[in-house]
Student: 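Quick one: this structure, given as C-alpha cells, is what I'll be asking you about.
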Amino acid sequence: MSRIVAPAVIRGQVIVDDLVAFGGRGGEMEFLSPDPMKLIDRLPLRNPGEMRRLYTLTIDEIIDYLVELGRRLDLAHNGFLQEALEQSYAATDLTPPILRWQYSLIPHFFSREMVRGYIDVPIGIPYVEGWRTTTLADGRVAAIRAMGARCLHITAGNSPITAIISLARNALTRSDAIIKSPSNDPFTALAVARTMIAMAPDHPVTQHFSVAYWKGGAVEFEERLYQPRNIEKIIAWGGFASVKHVTRYIQPGLELISLDPKRSATVIGREAFASEGAMREAALRAATDVGASNQTGCSSARVILVECGTDDEGVRKLTRFGELIYDAMLKLPDHVSNKPKAFDPELRNDIQGLRAGGDFYHVIGGRDDEGAIIVSKLDEAVDFYPRLSGRVANLVPIDDVAEAGRFINAYTQTIGVYPEALKLRLRDELPLYGAQRFVSLGYAMTANPALPQDAIEPVRRMVKWIVDESCDPAACPPLWESEPQGSEETAP
Amino acid sequence: MSIVAEAMRMANDPPTYFGGSGGAAHQIPRAEAEAMQAAALRERFAELRDRLPVLKSAADEQGMDDIRTLEDGANLLFPHTVYKSYPASLLEKNRFDRMTQWLGRLTTVDLGGADVGDCDGIDAWLAALEEGSGLSVTHSSGTSGTMSFLPRTTDGYRILSDVFGMTSRDFNELDPHDHEPWHCFYLGFRGGRSHAGRAAGWALDNFARTADHFHPLYDVDMSSDVMFVAARVRLAQARGELDRLEISPSLRARQAQFEDVQKTTGQALERTFERLLSLKGERVYIGGMSGALTDLAVRGIEHGVRDLFGPGCVVQCGGGGKGGRLPDNWEQLALEFTGARRIGQYYGMTEVTMITSRCSEGHYHVPPWVVTYVLAPETGRPYPREGVRTGRAAFFDLVPQTYWGGFATGDEITVDWSPCRCGRTTVHLHANVQRFSEKRGGDDKITCAAADDAHAAAIEFLASSRSGAAS
C-alpha cells in the first residue's frame, strides 16, 4: 500500500523530513506528515521585522499575485491540486462529485473583482495601502493604517474553500500565516502552497505562508507554539471542541478570532402557499439549502419554520411542501448534493423512533440513508435538532413568522428567508436572539468572503489598527497649559 | 407439554418457571433455550401483531405476518428512541391527554379509564395511569434531555422485581429460598417511577421485605417532575437556551415541597452513617449509588471502622459518584469498610426485564427469557450468533404481553457466544459496555444512580429562575 505523505511548507520550503503517522477521522485513512515537534522552532516567524518585505508591494501587486495564482489553481492543469483531490477522497466528509466541484470553484474565488472585494469591502484599500488621515473634533489629526499580524489559522475541513479564504485574507492584510490543516482536509492548503512555490518561490506572499498538520489538542506542541512571542492572533474555524480547546491558550498578547460552530435556520412565509408555482419554487430553494454540500456547512438549513398554520389544514399543506422539498433534494445536481457518504447511526435511530412513535411527526424518505424530511405536526422542532445532518431537515409549522424568535439562539448563524420581503420584517428582530445572517432562500450555502462572517468582520479583526496622532498646540489645547476646572463650593 | 406451552410458561413468568432460582435459569442448554425463545417470540408476535398499533404499522410496512426464527425478530427491533418519540413541550404544557394518546399506541392496555385531564405534572399523570389502567410506567432518567416512558404493567413490575431477587441471590451465592428480612440500606431516593426509583422498590421487596428493615438514604420518593426539570436544564444549558426554559405554574406551585426534599438530603449521609454503625454485625444489604457508599466508607475508615458486617454482607452499588467521578480504589474502600467479599455490578436498562450480574469471570449473563442480538452499527443488521461480536446491543424481552419487547439500544456491547468458564450456559457480555453517543463524544450522561445530583441541579434552577423571572 502506498503511503500518503502530507509534507509541511514553511515560508517557501517544502519539508518531508521526520515523518510520523497520523490517522484521519473515523480511522479511515492514515497519512504521514513531519513530526510537529521537529518543526516547532521553524514554524513561527521569530522576527516580525521580516514582514517588512510585504510592504514593498502595493495592494495591486498583491492582487496581481493572487489572480495569477488563481489562474494556476485550475484543477484541469494543476498536478498538485489533482493529487490533493485524489488523496482527499478518503479524508473528507464530502462525496467525490461535491469535493471535485468545490476544487473546480477555486479560480472563481481568485478572480480580480472577488479578490479586491475581500479587502476593499471590509476595510477599504486606502487603509491597508497607507495612512488615512482624519481631523477630529478635539483638534488632533490622526493617521490610521491597518497593518498585518502573525496569525495562526485553524481551518475547517468541511470545505476546501476555507483554506483559500485564509490565504487570500492573509496576503491582502500583509500578514504572516501558519495554516493548521484539519484531519479531514490535510491536503488542500498544501497544494496551494506548493503551487505558490512553483510560481514565485521568493515572492514575499509565498514567503509568509506556511502549512503544517498536527493533531488539534496536542498540548505539549500547542503550548509552545501558541505564545505571544510567536503568534498574535488565532483564527479558529470549526467545531465546538476545537474552539473550546483553543481558549486555554488565550492570554494578553494572543487574541482569538473565533468563527464558532454554528447552526442555521430557515423561515418561510405564508406567501410560499400562494400558488403551486410559489410552493414549488420555495421547495426547490429550501431543498438547495438543506442539500448543498450534503448539509455539512454551518449555514446548511436544518430546522425550517414554515408559516403554514398549525391546524390540520396547515399540517396537511406542510406535509405536501415537505414532499416537494424531498423530491427536489433528490433531484439536485450531483455536484451540489447526492447521497451522503456516511449517516449518523444515532440520528437514524432517532428518525426510526419518530416513524414508529406515530402521532407527532411524519417522516418523508430516510429509509436508505439518502436524507429525510421530518414534518413536525406541532409547532416544535425535534429534540435532537442539533444533530440533524446527512440531508435531514425538520419542517416546523408556525402560525405567524413573529414566533420565529423562539427557535433562534446564540448558536444560530444563517437564516434563509422566503419571500425576499420577509427579510425586512425579520432582520431587526431575530438578531436580538442570535441570528447573524439573512439570505435569500436557496443561497445559504453560497458565500462571499468579503462580507461579515459570524457577526464579526474577520479581516478587520485580523489586522492591527495603528494610529499616528498629530497634536498641534494651536489646535489642540496642551495639558501643560490647562487650568483646573470646577468649583470647590458645594451645590446649593 | 409442547415446546410452545413450555416457552410461554417461561416467558409469562420467569421467576415462577424457574422456581425463584437464578442458578436454574442460567443452566438451560443453549440450543434448548433458543428453541424456546424462537417459539415464544413467534407467539408474542402473533398475539400483538394486530393489537399493538406501533407494531402493526412496523409489521405492515415490512409485510411481516410471521416470525419463524430469532433472525426474523431482528427485523422488528424498535429503536430505543420510540419510547421518547413525543414532543417535550407536551410535558411542559401538561398536555397529558396527548401524552396518553401517544402512549396508547405503544401498549395494548386500554388507557381510556385513566382520568388524566387535570394532571398537573408527570407524577400526577403516571399516578393516574396506575390507578385508572394498571400501568406501572417506568421512565428513564432523561440523560438526553427527554425521558423514555415504558408502559410496563403492574404485573410486569412484579416480575422484574422477582427477577432482581433471583439474580441477586444467584450471583451472591445466597439460598434461593431464604426469605428472612435483611437490614437493607438503599443509597438513593426511597422510590419513584424512574428506573432508579423502581430499583429501590426491588431492594425493599427482596431484601428488606418490611418497612422497618428498609433504610433509604433519602426517605422520600424522587419526583419525576424534578427529574424532568433536571433533564431540561441540562439540555438547555448545553444549547445556550437556559433563558428560554419555561416552568409550568403547576410545577412552580410545588417548588417549596421540592426544596424541602432537597434540604433533608443535607443530613442524610450523617444519619445513614450512624445507622450503619448501630447495626454492626447484623445481616446487611447495601444497594444504590456507589458514590454515596464511597463517601460512607471513607468516613468509616477515618473513624477506624472496618469489616462492619463481615463477609455475609451483600453490596450491589453502581452508577459512579457525583459528577460521575469516583476514586480509583472505591471498591477496595467499600469492601474494607463493610467486610463484604464483592460488589455486585449490573448491566440492565429500563426497557428490558433483566438484571445481568457479573459472574466470576467478569461477564454479564443474559437470562434465557431475553434474546440477545448484536447489530452492525452502520446497517443495523444482526451479526451471526457465534464467536465474539461487538456492535449495537439489541434485545427481545419475551416477558411483556402488552407492549413490544424488541428493542435496539444505544449501547455498544461485546457478546461472547461460546460457553462461559463460570459454568453458566447463557449468552454473556464482556464488561466493556459503552454508549454510542458517549463514544462519539456526544452527550455527557447523568447515570440513573446520580439522581441526587440531578435533584440538586433542578432545585437550583427553580430557585434562580424564580428570583429572576419576569414572567
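Letters go in sequence order (proteins before strands), and every chain restarts at 1. Note: hydrogens, waters and symmetry copies are ignored here, and every other heavy atom, side chains too, is used. As the structure is a computational prediction, the values presented were derived from the model and not from experiment.
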Student: For a quick test of reading the model, state the closest non-hydrogen atom pair linking B:Glu378 to A:Pro345 and the distance between them.
Tutor: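 Looking at all heavy atoms of both residues, the closest pair is OE2-CG, 4.1 Å.
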Student: Chain A contacts: which residues in residues 47-64 of chain B have a non-hydrogen atom closer than 4.5 Å to it?
Tutor: B:Val54, B:Glu61
Student: Is it the side chain or the backbone of A:Arg348 that comes within 4.5 Å of chain B heavy atoms, both, or neither?
Tutor: side chain
Student: How close do B:Tyr347 and B:Ala393 get, heavy atom to heavy atom, and via which atoms?
Tutor: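 Looks like OH-CB, 4.2 Å.
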Student: Using a cut-off of under 4.5 Å on heavy-atom pairs, state which of A:Ala342, A:Gly353, A:Ser376 scores highest against chain B.
Tutor: A:Gly353
Student: Quick check on the interface: out of A:Asp359, A:Asn409, A:Asn349, who has the most heavy-atom pairs with chain B under 4.5 Å?
Tutor: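 Highest number of pairs under 4.5 Å: A:Asn349.
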Student: Please work out whether the ring planes of B:Phe407 and B:His80 are parallel, tilted or perpendicular, with thresholds of 30° and 60°.
Tutor: perpendicular
Student: What part of B:Arg98 gets within 4.5 angstrom of chain A, counting heavy atoms only: side chain, backbone, both, or neither?
Tutor: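 Both parts, heavy atoms under 4.5 Å.
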Student: Do the side chains of A:Glu307 and A:Lys317 get close enough for a salt bridge, i.e. N-O under 4.0 angstrom?
Tutor: no
Student: Verify, without hydrogens or angle tests, whether A:Ser264 (side chain) and A:Thr414 (backbone) share a donor-acceptor contact under 3.5 angstrom.
Tutor: yes
Student: In terms of heavy-atom proximity below 4.5 Å to chain A, should B:Pro87 be classed as side chain, backbone, both, or neither?
Tutor: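 The answer is both parts of B:Pro87.
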Student: Pick one of side chain, backbone, both or neither for A:Tyr361, based on which atoms fall under 4.5 Å of a heavy atom in chain B.
Tutor: side chain
Student: Is it the backbone or the side chain of B:Arg232 that comes under 4.5 Å from a heavy atom of chain A, or both, or neither?
Tutor: side chain
Student: Is a donor from one side chain sitting under 3.5 angstrom from an acceptor on the other, for B:Glu351 and B:Tyr83?
Tutor: no
Student: Does any heavy atom of chain B fall under 4.5 Å from the side chain of A:Leu378, the backbone, both, or neither of them?
Tutor: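 For A:Leu378, the side chain is the part near chain B, not the backbone.
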Student: Does this structure show an ion pair linking A:Asp379 with A:Arg406, if we count only N-O contacts that are shorter than 4.0 Å?
Tutor: yes
Student: How are the rings of A:Tyr213 and A:Phe22 set to each other: parallel, tilted or perpendicular (split at 30° and 60°)?
Tutor: perpendicular
Student: Chain B heavy atoms under 4.5 Å from A:Gln352: which part of the residue, side chain, backbone, both or neither?
Tutor: both
Student: Tell me if the centroids of the rings in B:Phe149 and B:Tyr86 come within less than 6.0 Å of each other.
Tutor: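 Ring-ring flag for B:Phe149/B:Tyr86: true, centres closer than 6.0 Å.
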Student: On a heavy-atom basis, which atom in A:Val396 and which in A:Ala381 lie closest, and how many Å separate them?
Tutor: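 That closest heavy-atom pairing would be CG2-CA, 3.8 Å.
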